[in-house]
Amino acid sequence: MYGDLVNKLVLEAKRAQQLNESSKSEHLPMYQDDLVRNTLREIEQLKRDAELLKSQQELNQVEDKVARCQHFVTLLCMERNKRGLLAYQKLRSDTLDAMAWNKHGLDSVTALAAGEGADASLSHQEEEYLKDYTQIIADMKSGEFTDIDLSGSLTPPSDVFIDVRVLKDAGEIQTEYGVFNLIKDSQFFARQADVERLIQQGFLQRL
Amino acid sequence: MSLPKTLQQTFSPEEIQFIVENEPIRIFPRITVRSTVRQRRQRSSQQQMRWRLVTAEETPLNNMVATQTTEVALWLALLLKQQGKCSIVPPVWLTLKQLQMYIDYELKNPGRFSDLPMSWLVVAQLLFNRAADDLQDPVHLLRGKIQDLREIRQGKIFQGLKQLNESHLQLDNLSILEINELRPFVLGVMNKLKDLHASVADEEEGA
Amino acid sequence: MSYYDIDDILADSTKVPCKFNCSVPGLGYLEGNAGHPIKKDSKAELPLWLARILAIIGAETVENEEEELPFVELMVPDLFSSRVLNAIKSSPTSLDVHSLSAHFYELAIKWATLFSDRRLVNVLNTMMIERAQEVNNHALSIPADSAPALQSGTFLLTLDEFEKRIFRDSHTSYKDMKSWMLRK
Amino acid sequence: MDIDIDDILAELDRDTTAVDQTLTSQGNDTTVVGSDAVGDLVAKQQAAAAQTAAPPSPVQDFNDLLVAWRNERMCPEILAYPHLLMARTLRRVQQQMEHIECVSMGFYEDETRDAASAVANKLPLLCMEADLERLKFVVRSYIRCRLSKVDKFSLYLRQLDTQQPVPLTELLSSKELEYHERHFTILLKLLNSTILKHMPPELQAIDDNEGSVPMVEGPDLASFVFVRVTGPDLGRSAPDTDPTLEINDEGVRFYPVYIQELREEVELTVDGIYVMRYNVVQELVQARKAILI
């Protein structure tokens, strides 16, 4: 039945969505290249059917109504396929957006730049998109918003200074406000804004 | 997405706390900051440090005199308290006697909520954790009363959820944190009820 | 409802019984009979996205015919049969909605829209409110650190996608609140 | 209206040794049952505003920003960008950062000279940093929220451009407009290269509302919101000044509203809290007579 293929794609999207919701973070399963391509092929087939119907109709003037019913069915099947394909891709690009706003974006972009993206779960076009979007965010953060750090924490600042513990050795780390020497299991008192990134990256743990 | 899904429909409890922290509260400073005009002139060369703030009134801080009560934003009070520079004057409703009165009211009026301040739960919680020694009554007893109040009110709220409908609800005297906790449920169900009723709305229009 | 909404797309793939009002050659595949025509008055289960449109459009009125039938006629699916509606009325919370359809409410809204079915809306109104109380009780009482779906008893397994979302969102809200209350 | 930076500076630098009138007149801790602290805060700002000249004080601006942030977060549509307020706020953040930097440099110099005053000065610095972080947080969260709506309504906003009573350039900031345009472009590029260009031309549109499911999603203005009715200018002005307020038989002030879809009239009393369809209270929210909570 037409539309079954794209249903698989949408179910795939649903699974990814559920996974992201239950884990409260963003994952992208492998891009379903085959399903996408076969769905596009189905659309081509439908388009040919539609044209065939049209020419038949012009030739032998079959009952108008029947021809139009057939025509509608092919049209609706194409529409359905289009909706499924776009929804699948849109859900993925939304996930990429979310990744770009948090550390995964930085990581994946760095990974891409380092040529590690070859076996990634993203399609080539998605890699491009992620790079472009990361650049848009970078540009948004500059200019009048420079001081705001748009990609900073969305948890309200409750304490300016906090106690942190070092989770892994990382030597000296230069931050905007000074140098930290990160030795595993040591603790120190730091300005939250200074160490936010290091906490996000898993070097430090807030006590 | 530039805003995590969890924050698109509601506030986090931390954000509610942040909102409440901007409300004023009275403190007893343990330091004197106010200097006379003469004093200032004398040390014009060596400038005395002043508060200059962008989210809260700075005047009370710059006029602080030890043991003379003044009113500052809650977050400032908590910060000064943490630094041992003030004690906090607990709000008048935060005593065993007052809380018992509220509890009695809640029990006597199953269909209404007592007019506790909008921020009662947040303020109580913050003062319990960070200014327990400033409270009039033992903190563990106060906690118990607050817990009782919360449970009684929650019971009533849940009773009230049977009234969900597609038109509207009036929820006077619910506090900001109680509202926030309920938000996903109430809005989720009411929006669906609205859609359900909208599905036959056209028929009425025609009738 | 958003074009990109995954749940709406899935709800639309639900098959509903239809009766064809005319014979159409080449549409046999719709009833699993590819290569053959579909005959007038024959029945087929069509996905809602297809059935919904075929049920409202028909041939345009030809001059000498007074009223044109649409291509297909929708028949009441089991989902909204009086048997099910009676079961809902007698005990909404013991009904296994999920086994009826994973998108029960969504479909009901679509169905009610198509047929202006006020009776269905009224039954569902009561059902939704009653079941929602139960969903809420579960969302509140299940411990914050447990995996809710696993040890939830049977009720949570009977939820449709809308109810599941309400459960998940409320559970998260109560959980966040509890951990905020425990914070120092 | 131009923003006069000198006025802001003058405001920030005003002499703080004067006895604050608003302070001595506040004795609200004698009320037994807690009054609404937001209302108190507002009254205080009103008094403060009356004392100083035209430009809003930092605290006033911050409170307006808080309201804008809270409304935006809970509102189904994207609200108009407060251009002047945001310009003042961003400017203030920058100046305060510079100020704190100056003070902290002075503070470290002081330390070598005069240990006692250094300790005394540490506290204000700590407070000022916390204060600034709070302002930055609200701005950040507010902008991120708006961007998520710009994305959600991307196509809708493009169509609005021509027919909207408020032009898009008023609705969004120039940065948001740029973001909108660029993000739409790369999204379209992605959809084009993976899907659209492989389809028949008649199926390539992404703003086609004629199909069985319309493609462009606008805000659902009938969504429910929690709203608190504050009275005129968020309760800063006396109720008598608002001709749209009515008084019922029990002497309670209310705004009459009408739920179009249900043909139902409702009285929204001042200080009441409601769960209501957004389109019913939209005007009250925009006129600062109610706040989404």
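Chain naming here is simple, since letters A, B, ... match the order of the sequence lines and numbering starts at 1 in each. Keep in mind that this is a model prediction, so the values were computed, not measured.
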Exercise for review: Can you tell which part of D:V93 gets under 4.5 Å to a heavy atom of chain B, answering side chain, backbone, both or neither?
Suggested key: neither
Check your understanding: Under the 3.5 angstrom rule, does the side chain of B:N165 hit a backbone N or O of B:H168 as a donor-acceptor pair?
Key -> yes
Exercise for review: Measure distances from D:L135 to the heavy atoms of chain B and classify the residue's part below 4.5 Å as side chain, backbone, both or neither.
Suggested key: both
Point to revise | Atom group of B:L61 that falls short of 4.5 Å from chain D, counting heavy atoms | key: neither
Revision key, fill the gap. From the list B:N180, B:I19, B:I176, the residue making the most non-hydrogen contacts under 4.5 Å with chain D is B:I19
Review point. Do the side chains of B:L80 and B:P29 get nearer than 4.5 Å, heavy atoms only?
Key: no
Study note, to complete from the structure: With chain B, the option among D:L65, D:V266, D:D151 that has the most non-hydrogen atom pairs under 4.5 Å is D:V266
Check your understanding: chain B heavy atoms under 4.5 Å from D:T89: which part of the residue, side chain, backbone, both or neither?
Key -> neither
Practice item. Could you look at D:D220 and say if it's the side chain, the backbone, both or neither that has a heavy atom under 4.5 Å from chain B? Key: side chain
Revision key, fill the gap. Ranking D:R144, D:R134, D:M276 by heavy-atom pairs under 4.5 Å to chain B gives rank one to D:R134
Practice item. To the nearest 0.5 angstrom, please state how far the NZ atom of D:K136 sits from the CD atom of D:E129. Key: 9.0 Å
Review point. According to the interplanar angle, ranging from 0 to 90°, do the rings of D:W69 and D:F137 count as parallel (below 30°), tilted (30 to 60°) or perpendicular (above 60°)?
Key: perpendicular
Practice item. For D:R73 and B:L7, indicate whether the former's side chain and the latter's backbone hold a donor-acceptor pair under 3.5 Å. Key: yes
Point to revise | Region of D:I293 in contact with chain B, defined by heavy-atom distances below 4.5 Å | key: both
**Study point:** Selection from B:Q9, B:H197, B:E21 maximising heavy-atom pairs under 4.5 Å formed with chain D
**Key:** B:E21
Review point. Where does D:L66 contact chain B at under 4.5 Å (heavy atoms): side chain, backbone, both or neither?
Key: side chain
Practice item. Considering only NZ, NE, NH1 and NH2 on the basic side and carboxylate oxygens on the acidic side, decide whether D:D61 and D:R91 come within less than 4.0 Å. Key: no
**Study point:** Residues D:E72 and D:K149 bridged, charged N to O under 4.0 Å
**Key:** yes
Review point. Could you give the distance from CE (D:M86) to OG (D:S173), rounded to the nearest 0.5 Å?
Key: 7.5 Å
Review point. What part of B:Q8 lies closer than 4.5 angstrom to a heavy atom of chain D: side chain, backbone, both or neither?
Key: both
Exercise for review: Kindly confirm or rule out a cation-pi arrangement of D:R228 over D:Y274, judged by NZ or CZ under 6.0 Å from the six-membered ring centre and within 45° of its axis?
Suggested key: no
Review point. Non-hydrogen atoms of chain D under 4.5 Å away: do they reach the side chain of B:M190, the backbone, both or neither?
Key: both
